[in-house]
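The basis for the numbers below is simple: all heavy atoms, side chains too, and nothing from hydrogens, waters or symmetry mates. In what follows, chains are A, B, ... by sequence order, proteins preceding strands, each numbered from 1.
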Amino acid sequence: MSRRGGGPVTVLNVAEKPSVAKSVAGILSRGTFRTREGRSRYNKIFEFDYAINGQPCRMLMTSVIGHLMELEFADRYRKWHSCDPADLYQAPVMKHVPEDKKDIKKTLEEEARKSDWLVLWLDCDREGENIAFEVVDVCRAVKHNLFIRRAHFSALIDRDIHEAVQNLRDPNQLFAEAVDARQEIDLRIGASFTRFQTMLLRDRFAIDSTGEERSRVISYGPCQFPTLGFIVERYWEIQAHEPEEFWTINCSHQSEEGLATFNWMRGHLFDYASAVILYEMCVEEPTATVMNVPHPRERFKYPPYPLNTIELEKRASRYFRLSSEHTMKVAEELYQAGFISYPRTETDSFSSRTDLRAMVEEQTRHPAWGSYAQRLLEPEGGLWRNPANGGHDDKAHPPIHPTKFSSGESNWSRDHLNVYELVVRHYLACVSQPAVAAETTVEIDIAGERFSASGRAILAKNYLEVYRFESWGGSVIPVYEKGQQFIPTTLTLDAAVTRPPPLLCEADLLSCMDKAGIGTDATMHDHIKKLLDRGYATKDANTRFSPTNLTNIIPVASQDLSLAIRYELWKPNLRALMEHDMNEVSVGRKTKAEVLETCLQQMKACFLDARVKKSKLLEAMTIFFERSNNTDESESQTAGEVVRRCNLCNESDMALRKNRDGNFMVGCMNYPQCRNAVWLPGPTLEASVTTNVCQSCGPGPVYKILFKFRQIGIPPGFDVNHLGCVGGCDDILKQLIDICGTGSRSQARRTPGTAPSNNIQGSNTRQSNVCIHCQQRGHASTNCPSRVPASQNSRPTATNPRNDESTVSCNTCGSQCVLRTANTEANRGRQFFSCPTQGCSFFAWEDSINNSSGNATTGSNSGGSGRRGSRGRGRGGRGGQSSGGRRGSGTSFVSATGEPVSGIRCFSCGDPSHFANACPNRNTSNGNYF
DNA sequence: GCAAGGTC
């Protein structure tokens, strides 16, 4: 650094925010700076003397407030009707200083004029680098020969700041250009889509330009839309959920020492037949034998990592039901008043140079947590533990922590008290020992089935004493000894149904955004708020988000539009791709111009395609407006064209319909009482019912449907026009459904290629709900009037014929499957293999092995004598088919003598090509096989 | 009037 003349040089220092300017000035001047006002009332100017590399300097330190400039279209393109929105992909853009930042600009200009050097103290991230160049532009415009340097610091502490000022470098142009690219892309695609969608809506629906609708903007943004996408996807998942029954065996034992509740180590089974067989064997031989009583094991529950912004928002939402936006507002006020540290930080680890104990010392006066803080500081207490490192560091700010003691200020609201308490208790928890417990797990065996019960004794609460937001329950179970036997107090076979996941709560949404890189810690809450403000989503009292009707149409429309051209505007990939490109620019692998050109070209193509297909969007909007204007919010389905009499309820007709996603189905008009439906091939573009009656299907007339398929969606060899029948006779429809799938959401979730069916009606219904006992609909299997509850069955008189000598090994988990004998009324004496491994639900009838007739697993209850077929669930069963057909190459079982065993087929659906654990019908949402 | 990113 060269000396300019003989005397001291004047150095203008600029920080990203007033607080940093003050801190840096304080550190460099050792607290001796003078303060004077600037043009902006928030941005003071601090003056002091300092020597940089031996050069005496008269230091002027001031600040901006984040970005000084905004990107905007040239005047001619600024009005909404001034141009075609497609022009916004080439329209000139420029940076300008908005009105509310003009006074800061003036300060910079005035101070730059009298300075020789400009030292940039912006935050050390890409945005900071970009702001640095905004400052440079303003200052250079009035003083072209300024000597410009950049200070790099990672924390506002003496050593870092002094080191930074003695090791000044050049600002990083590439970092700034990466942000320029991001800004330009965001502006162009956001403005073009928003103007297009909003104006389309206005023109088509003639919205009153003076009413409330005038302010309605149907915006699109690369952060707000993916955020909305998370909400909509979860909503769809819930809508598509079809409850499925499952069964579990529960056992309890009450003794003088207390109650132990044992859990079935298989978890639960989705197949009633196997559950009831295993249950009845337990009832038959109910003596429980204690197999294993390991010594109590020490368990720890660790305190959370130091608090960063996203965690603060998530926890305040969970603990106090505060919105992330309100949490940040309150945190900002606490920060401004000096009670907590800077609230916008990614960092979740403390620097080794932080004086952690001083912060605890401050809190010892507090009436609620003061005594805990005091104990933390006592070395003999052993409560102290250095905080864990969460692995994130934004190099600019420490984790959020208390900076000033307060037992509550008079102007604080309940929310201020809560957020401050959370910050303090979280900090105290971070520097505390984990909670400790002793856990014991007892394992018992009843008739070959394993059950376990756990007890937990809390040995030391440690951090949980102060962190009242978390708990760790203790439970006591009686003491058991290995080999001890007892008769359970209760032994029940209980049914339950799968439930859909809950709507996303605010903490879930923040996690989704964080994981997908949508927004930054400082902006996530803004995106969420925008969705609520724009009427795309609503939030209930439990902070759970639902899409509004308006929301439902936009992503759907966008999805339909974008699928055709492979851009999914509402999915998070777009942001991830942009983020990747920004990284490429910031390391110099791509130029800003290159990234802009490629990205904008693609986005413009997407936009033009969307415009061509605007009928799709209008159609979706029509549905929305019709719904909005309809006071009856129920899903009253408009009558469609009748195809046939419903062959399930026999009470209503089935009509051709198009759902809100644009997919076709033939559904019972008695919905939701009757859920019979046939989903039509996914690529169906148009469908209409003809007067042509199918000659082979019935009962009653089944009218044929005239289909028009999307050429691009069907395989070669199929015609786009097809006169088809949904009664079950139409092989072309079956093949198209097999290959292309249907528009059913639940079907769409399946693994591609795993939903074959030979019967369009059979596997394509909304929810079969067929009772597995009597094969009738209308009641659950557990309430079948033809059944005597399993526990009330008369006890079989036969002794247990289990034969543990004969085994096969399961190639799924490698365990020896035990050959056992059923005691149930329907299957008495019949042998089966079951895998004893927890989590492996393998089950196979012995007579299905080496038995190519295959009728053992297909529900042939008409046999009547001896070993009857199992009560298969009938889902895609392949009764009577030879097992020698399709067979997976990995399906090898060996008998106890090492001989290969053939003929095993899936217990769930009877297909010999796979085992039950690979059955396409299995429910994977809860990690279980069936 | 539109985006997302800073921050008082």
Side-chain angles (χ1 to χ4, degrees), chain A residues 15-22 38 40-44 63-73 77-83 85 88 91 93 95 97-98 100-101 103-104 122-123 125-135 175-176 178-199 201-202 207 209 213-227 309 328-329 331-333 335-337 342-345 394 396-397 513 517-527 529-530 533-534 569 574-575 578-579 582 600 603 607:
Chain A
E16 189 160 323
K17 41 194 165 270
S19 62
V20 171
K22 192 172 184 182
S40 151
R41 66 190 175 106
Y42 299 113
N43 305 84
K44 315 278 183 208
S63 55
V64 287
I65 300 177
H67 276 287
L68 185 59
M69 297 178 172
E70 282 177 6
L71 194 66
E72 187 50 279
F73 292 110
Y77 298 88
R78 217 166 284 174
K79 293 265 183 210
W80 277 41
H81 288 86
S82 65
C83 66
L88 298 177
V93 287
K95 285 189 175 187
V97 178
D100 62 344
K101 299 282 176 70
D103 46 5
I104 298 177
L122 289 308
D123 290 357
D125 52 24
R126 286 204 296 241
E127 294 294 335
E129 216 64 28
N130 190 273
I131 299 170
F133 279 88
E134 293 173 356
V135 172
F175 274 30
V179 172
D180 282 341
R182 195 264 309 149
Q183 287 178 339
E184 195 171 327
I185 293 167
D186 284 347
L187 176 65
R188 291 188 190 278
I189 64 177
S192 60
F193 271 96
T194 303
R195 288 185 191 182
F196 164 66
Q197 292 183 164
T198 307
M199 293 193 292
L201 176 96
R202 295 252 171 82
I207 287 171
S209 62
E213 292 294 344
R214 175 73 184 86
S215 59
R216 171 166 273 171
V217 169
I218 312 290
S219 58
Y220 170 80
C223 285
Q224 53 180 269
F225 249 52
T227 305
T309 304
M328 289 312 290
K329 183 170 176 289
E332 179 69 29
E333 285 165 8
Y335 161 68
Q336 294 289 346
Y342 190 67
R344 288 182 287 271
T345 174
D394 63 14
H397 305 286
M513 295 170 74
I518 304 296
T520 67
D521 52 326
T523 61
M524 282 180 183
H525 64 271
D526 277 339
H527 301 311
K529 183 169 184 289
K530 199 167 280 179
D533 290 347
R534 298 251 160 97
L569 290 176
L574 180 67
R575 197 70 191 166
M578 283 169 57
E579 198 61 37
M582 274 179 68
L600 291 174
M603 292 313 300
F607 176 82

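Rounded to a whole Å, the CD1 atom of A/Ile518 is 10 Å from the P atom of B/dA4. What separates CD of A/Glu184 from P of B/dA3 is a distance of 17 Å, to the nearest Å. Atom CG in A/Asp526 sits about 9 Å away from atom P in B/dG5, given to the nearest Å. Distance A/Tyr335 OH to B/dT7 P: 9 Å, rounded to the nearest Å. To the nearest angstrom, P of B/dC2 lies 15 Å from CZ of A/Phe225. As rounded to whole Å, 8 Å separates atom C1' of B/dG5 from atom NE2 of A/His527. Look at CZ on A/Arg344: it is 11 Å from C1' on B/dG5, rounded to the nearest Å. Atom pair A/Met69:CE and B/dA3:C1' shows a separation of 19 Å (rounding to whole Å applied).
No engagement by A/Lys329 is indicated, since no non-hydrogen atom pair under 4.0 Å with the nucleic acid exists. Within 4.0 Å of A/Asn130, counting heavy atoms only, lies no atom of the nucleic acid at all. Residue A/Gly128 is out of contact with every strand shown, counting any heavy-atom pair closer than 4.0 Å. Within the 4.0 angstrom heavy-atom criterion, only backbone atoms of the sugar-phosphate kind lie near A/Pro18; the bases stay farther away. Within the 4.0 angstrom heavy-atom criterion, base atoms lie near A/Leu71.
Ion pair A/Asp123/A/Lys17 flagged as a salt bridge, since at least one NZ, NE, NH1 or NH2 atom sits closer than 4.0 Å to an Asp/Glu carboxylate oxygen. Between A/Glu72 and A/Lys95, no side-chain nitrogen of the basic residue sits less than 4.0 Å from a carboxylate oxygen of the acidic one, so the salt-bridge criterion is not met.
Each of A/Asp526, A/Thr520, A/Asp521 was evaluated against A/Thr523; a single residue qualifies, A/Thr520, per the side-chain hydrogen bond (donor to acceptor under 3.5 Å, both in side chains) test.
Taking every side-chain heavy atom of A/Pro222 into account, B/dA4 is the closest of B/dC2, B/dA4, B/dT7. With B/dC8, B/dG1, B/dC2 as the candidates, the nucleotide lying closest to the side chain of A/Lys17 is B/dC8. In this structure, of B/dC2, B/dG6, B/dC8, it is B/dC2 that holds the atom nearest to the side chain of A/Trp80. Among B/dA4, B/dC2, B/dC8, the nucleotide with an atom closest to any side-chain atom of A/Ile65 is B/dC8. Checked against B/dT7, B/dG5, B/dC2, the side chain of A/Cys223 finds its nearest nucleotide in B/dG5. Of the candidates B/dT7, B/dG5, B/dC2, B/dC2 carries the atom nearest the A/Thr194 side chain, counting heavy atoms from C-beta on. Closest to the side chain of A/Gln336, from the set B/dC8, B/dG1, B/dG6, is B/dC8. Listed nucleotides B/dC2, B/dC8, B/dA3 differ in distance to A/Ser19; the shortest reach to its side chain belongs to B/dC8. Among the nucleotides B/dC8, B/dG5, B/dC2, the one closest to any side-chain atom of A/Arg182 is B/dG5.
A/Gln224 has a side-chain polar atom (N or O) that falls below the 4.0 Å cut-off from OP1 or OP2 of B/dA3. Between B/dG6 and A/Thr520, a contact under 4.0 Å exists linking OP1 or OP2 to a side-chain N or O. Within the structure, every side-chain polar atom (N or O) of A/Thr523 is placed at least 4.0 Å from both OP1 and OP2 of B/dA4. Here A/Arg78 does not reach the OP1 or OP2 of B/dC2: none of its side-chain N or O atoms lies under 4.0 Å away. In this structure, A/Arg126 does not reach the B/dA4 phosphate: none of its side-chain N or O atoms is under 4.0 Å from OP1 or OP2. Within the 4.0 Å cut-off from OP1 or OP2 of B/dC2, not a single side-chain nitrogen or oxygen of A/Tyr77 is found. Within the structure, every side-chain polar atom (N or O) of A/Arg188 is placed at least 4.0 Å from both OP1 and OP2 of B/dA4. Between A/His67 and B/dA4 there is no side-chain N or O to OP1 or OP2 distance below 4.0 Å. At B/dC8, none of the side-chain N or O atoms of A/Lys101 fall inside 4.0 Å of OP1 or OP2 (strictly under the cut-off).
A/Gln224 and A/Ser219 share a side-chain donor-acceptor pair at under 3.5 Å.
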Verdict with reasoning, A/Tyr335 to A/Ser19, per side chain to side chain donor-acceptor pair (under 3.5 Å) = CA-CA 10 Å; A/Tyr335 161 68; A/Ser19 62; 2.7 Å; yes

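At a cut-off of 3.5 angstrom, the base of B/dC8 holds no donor-acceptor pair with the side chain of A/Glu333.
Not one N or O on the side chain of A/Thr227 forms a donor-acceptor pair closer than 3.5 Å with the backbone of A/His527. In this structure, the side chain of A/Glu129 does not engage the main chain of A/Ala176 through any donor-acceptor pair within 3.5 Å.
Residue ring and nucleobase are not stacked for A/Tyr220 and B/dA3 under a centre distance beneath 5.5 angstrom and an angle between planes beneath 30°.
Comparing A/Arg195 and A/Asp125, the nucleotide of DNA chain B nearest to each residue sits closer to the 5' end for A/Arg195.
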